[in-house]
Amino acid sequence: VIKYADTAMYSAKENGRNQVAFYLSKMHKKVIQRLTLEKDLRNAVKANNLNLYYQPQINQHGKIIAVEALLRWQHPIQGFINPEIFVGIAEDTGLIYEIGDFVLHKSISDISAINKQHNDQVNDKAHIPLQLSINISPHQFRKSNFVDIIRAAKEDYQLPQQLLTLELTERIAIDN
């Protein structure tokens with residue numbers, strides 16, 4: 001009975017919290033699938049199996065002026081897992097902090113390296129360095145040392161402040 005109550009409680013939380021849910025046998029299968037996915041996500045984070053892709057932003061002349069870092073997970077069995085699914089799991093389990101640090105450091109490192117390589121190869125004073133946009137989770141944003149984490153990452157890779165844009169999800173506004 002306690003296991004069924006836990007399953008119903010988990011279902012209520014998943015559907016927006018502050019709700020009532022009754023146990024249905026189909027809930028058990030869904031809980032098992034989520035727990036399996038959570039375990040697999042933990043393993044993917046440990047094994048560094050999450051990937052960043054960069055979506056270009058192009059100006060009116062067709063030149064790439066910025067990129068947005070997009071986190072993707074190719075599950076070894078299930079294939080591509082929608083970020084809306086695995087980011088939600090990461091937020092619920094606290095993995096979002098480790099994943100957020102990975103995204104922050106990897107993307108800033110990559111863009112800094114690209115900008116440095118371009119500057120080394122092309123001595124063009126008119127060159128505009130690539131800007132970087134990163135999505136930030138509400139959990140990361142609320143962390144007491146959030147600003148220090150961002151500042152340290154920028155300094156570690158010598159990324160000028162004007163080249164970094166942090167995108168806050170709508171959930172931050174909804175929660176506040």
Side-chain angles (χ1 to χ4, degrees), residues 10 13-17 30-59 63-118 129-176:
Y10 182 78
K13 284 183 177 181
E14 188 177 75
N15 291 321
R17 303 189 186 278
K30 192 173 180 181
V31 167
I32 296 301
Q33 288 173 338
R34 181 177 164 104
L35 289 174
T36 302
L37 202 57
E38 178 185 329
K39 179 184 68 97
D40 292 347
L41 180 58
R42 285 185 188 282
N43 291 336
V45 169
K46 285 180 189 172
N48 203 19
N49 287 337
L50 298 176
N51 298 301
L52 281 181
Y53 291 82
Y54 296 100
Q55 178 176 325
Q57 298 173 2
I58 300 172
N59 69 8
K63 184 176 179 182
I64 298 174
I65 58 168
V67 294
E68 179 178 1
L70 302 173
L71 183 66
R72 298 295 181 252
W73 179 27
Q74 183 73 29
H75 190 279
I77 297 169
Q78 298 181 35
F80 175 76
I81 304 291
N82 188 324
E84 289 182 12
I85 294 171
F86 76 83
V87 169
I89 292 172
E91 288 177 337
D92 289 345
T93 61
L95 280 171
I96 195 65
Y97 302 112
E98 191 173 345
I99 291 171
D101 285 346
F102 162 75
V103 170
L104 181 68
H105 286 275
K106 174 82 170 123
S107 62
I108 290 177
S109 170
D110 288 350
I111 294 308
S112 294
I114 289 169
N115 284 335
K116 183 179 182 332
Q117 180 181 12
H118 188 274
L130 275 179
Q131 296 181 16
L132 172 65
S133 180
I134 302 172
N135 294 312
I136 300 296
S137 158
H139 295 274
Q140 292 172 272
F141 184 73
R142 288 188 200 101
K143 200 168 180 183
S144 63
N145 62 343
F146 174 73
V147 172
D148 295 331
I149 291 169
I150 301 297
R151 187 175 291 133
K154 287 186 337 187
E155 289 171 3
D156 286 349
Y157 302 102
Q158 300 172 351
L159 184 74
Q161 182 170 328
Q162 69 272 17
L163 297 183
L164 180 63
T165 300
L166 303 177
E167 294 186 8
L168 307 174
T169 64
E170 298 81 16
R171 286 182 46 194
I172 290 174
I174 291 170
D175 291 347
N176 185 353

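The figures here come from the full heavy-atom set of this structure, side chains too, leaving out hydrogens, waters and symmetry mates.
Interatomic distance, NZ of K106 versus CG of N48, reported as 8.5 Å (0.5 Å rounding). From S107, atom OG reaches atom OH of Y53 across 15.5 Å, with rounding to the nearest 0.5 Å. Atom CD of residue Q131 and atom CG of residue L164 lie 9.5 Å apart, to the nearest 0.5 angstrom. Once rounded to the nearest 0.5 Å, the distance linking NE2 of H105 with NZ of K154 reads 12.5 Å. Within the model, atoms CD1 of I89 and CD of E84 stand 12.5 Å from one another, a figure rounded to the nearest 0.5 Å. Note that the CG atom of N135 and the CD atom of Q140 stand 9.5 Å from one another [nearest 0.5 Å].
With L104 as the fixed residue, the side chain to side chain contact (heavy atoms under 4.5 Å, CB included) test singles out one of D156, I136, I134: I134.
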List the steps and the verdict of side chain to side chain contact (heavy atoms under 4.5 Å, CB included) for D40 and W73.
-> CA-CA 11 Å; D40 292 347; W73 179 27; 4.0 Å; yes

Steps toward side chain to side chain contact (heavy atoms under 4.5 Å, CB included) verdict (T165, E68) = CA-CA 9 Å; T165 300; E68 179 178 1; over 6 Å; no

Evaluate the criterion side chain to side chain contact (heavy atoms under 4.5 Å, CB included) for residue pair L70 and L52; output intermediate values, then yes/no.
-> CA-CA 5 Å; L70 302 173; L52 281 181; over 6 Å; no

Evaluate the criterion side chain to side chain contact (heavy atoms under 4.5 Å, CB included) for residue pair L166 and F141; output intermediate values, then yes/no.
-> CA-CA 10 Å; L166 303 177; F141 184 73; over 6 Å; no

Salt bridge (Lys or Arg N to Asp or Glu O under 4.0 Å) between R151 and E155: does it pass, once the steps are laid out?
-> CA-CA 6 Å; R151 187 175 291 133; E155 289 171 3; 5.0 Å; no

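For I64, the CD1 atom is loosely surrounded, since the number of other residues' heavy atoms within 6.0 Å does not exceed 12. The neighbour count for Q162 CD, taken as heavy atoms of other residues, nucleotides or ligands under 6.0 Å away, is above 12.
Closest approach of P83 to R72, counting heavy atoms only: CG-NH1, 3.1 Å. Scanning both residues, L71 and F86, for their nearest heavy atoms gives CD2-CE1, 3.6 Å. Closest approach of Y97 and K143 over heavy atoms only: CD2-CD, 3.9 Å. A pairwise comparison of heavy atoms in Y54 and D110 identifies OH-OD2, 2.7 Å as the closest pair. When all heavy atoms are compared, the tightest approach of P56 to V67 is CA-CG1, 4.1 Å.
Side-chain contact, E91 with S137: a donor N or O sits under 3.5 Å from an acceptor N or O.
Contact check for I65 versus I58: no side-chain heavy atoms found under the 4.5 Å cut-off. Put simply, the side chain of E38 reaches to within 4.5 Å of the side chain of T93, judged on heavy atoms. The shortest distance between side-chain heavy atoms of H75 and L41 does not fall below 4.5 Å. With a 4.5 Å cut-off on side-chain heavy atoms, I111 and L163 do not count as touching.
N115 contributes no side-chain N or O that, together with a main-chain N or O of P129, makes up a donor-acceptor pair within less than 3.5 Å. The backbone N or O of S109 sits nowhere less than 3.5 Å from a side-chain atom of S112 that would complete a donor-acceptor pair.
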